[in-house]
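Have a look at the structure below, then the notes.
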Amino acid sequence: MQLPREVIVGKGAIARIPEVMQRLGLTGSAMIVAGQKSYEIAGKRVLDLLEANGIGTSVVRVDTATIKDVTLIEEQIKAKKPSVLFGVGGGTKIDAAKLSSAEQGLPYVSVPTALSHDGIASPLASVKGLGKPYSVMVQAPLAIIADTEVIAQAPWRSVVSGCGDVISKFTAVRDWRLAQADKNEYYGEYAASLALMSARLVMRNAGLIQPGNEEGLRVLLEALISCGVAMSIAGSSRPCSGSEHLFSHALDLINHPRAMHGEQCGVGSILAAYLQGANWRRIRNTLREINAPTTAVGLGVKDEDVVKALEMAATIRPERYTILHKLNLSREACEKAAKNTGVIG
Ligand SMILES: [Zn+2]
């Protein structure tokens, strides 16, 4: 079980990076992985801070998280031999840093600039070119430095997406329990409870999650970090990824990402809850409260693509047993579920 050793959350948290380096005993040089925007928003400050504290630092700019980017970072690691990698960004940069550091046997520090999904704290990475549309186990961050002043500058839509990702844990945990009951799969009560608690907290505080409300951002941030920890404890994405995530991955394959990951998972969670016989209206109402999409139109996809994705979802990961695998729905049954929940017209 790998867990983060330091989690610093709050206004101006970035300023504490040199102190964290010292506490963690990281004495060598550092390397920053960032995108163009995330470098401007936070990466440059991390660089200046490290250099001002006598820590030699290099920067690798990436714009995506493909296997090509990961190889490029790995080459830079071999050349510069840093003792730690900083992933600065909204998700893809962190994923690229996560995978390349793990491949090269280095620790990495997550410095999120947006809260769009739980990858900012999880031990899993989603990288294009690995041949899998879902995330794979890599390594947990050694530390998470989440500066709410930086995060507050991200587009509001990323916050909505992050909420969708957290709320979707309701159906993920139900699927996990189902896999234990039907397939005798290992089920971790502690990891499941942690994921569920995060979803409940976001749901209960949905009213606070409004632009300009620091407290609301903090609720979401802590929930995302807890989800990451839940996956570290479980040793897989099980507590945080069930049929609703399979639906989102299928939609990505059909449409190439049109909407954000958490937006798609939120809609997926409405459908999954309906199929699970759970309270899908509560999930839909909470998503509405935070202005997250609850329909195909809201996601910017065609009705028929929602039906197609729901039908295809179980085939994305045949080994990850969910309600979709149990029900083995026909096209008509998928259409009925999408219609009855108002996801399609
Ligand atoms: Zn997710």
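One-based numbering, in listed order, for ligands and for the atoms of each. All figures in this text were calculated on a predicted structure; none of them were measured in a lab.
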Is it true that some N/O/S atom of [X], main chain or side chain, lies under 2.8 Å from the Zn ion (ligand 1)?
| X | value |
| --- | --- |
| D165 | yes |
| C240 | no |
| H117 | no |

Is a salt bridge present between [X] and [Y], judged by a nitrogen-to-oxygen distance below 4.0 Å?
| X | Y | answer |
| --- | --- | --- |
| K11 | D147 | no |
| E75 | K78 | no |
| R331 | E311 | yes |

Fill in: Three-point angle H261:NE2, the Zn ion (ligand 1), H245:NE2, rounded to the nearest 10°
100°

Practice prompt. Could you list the residues that satisfy ring pair (Phe, Tyr, Trp, His ring centres under 6.0 Å) with Y39, not counting sequence neighbours?
Written response: none

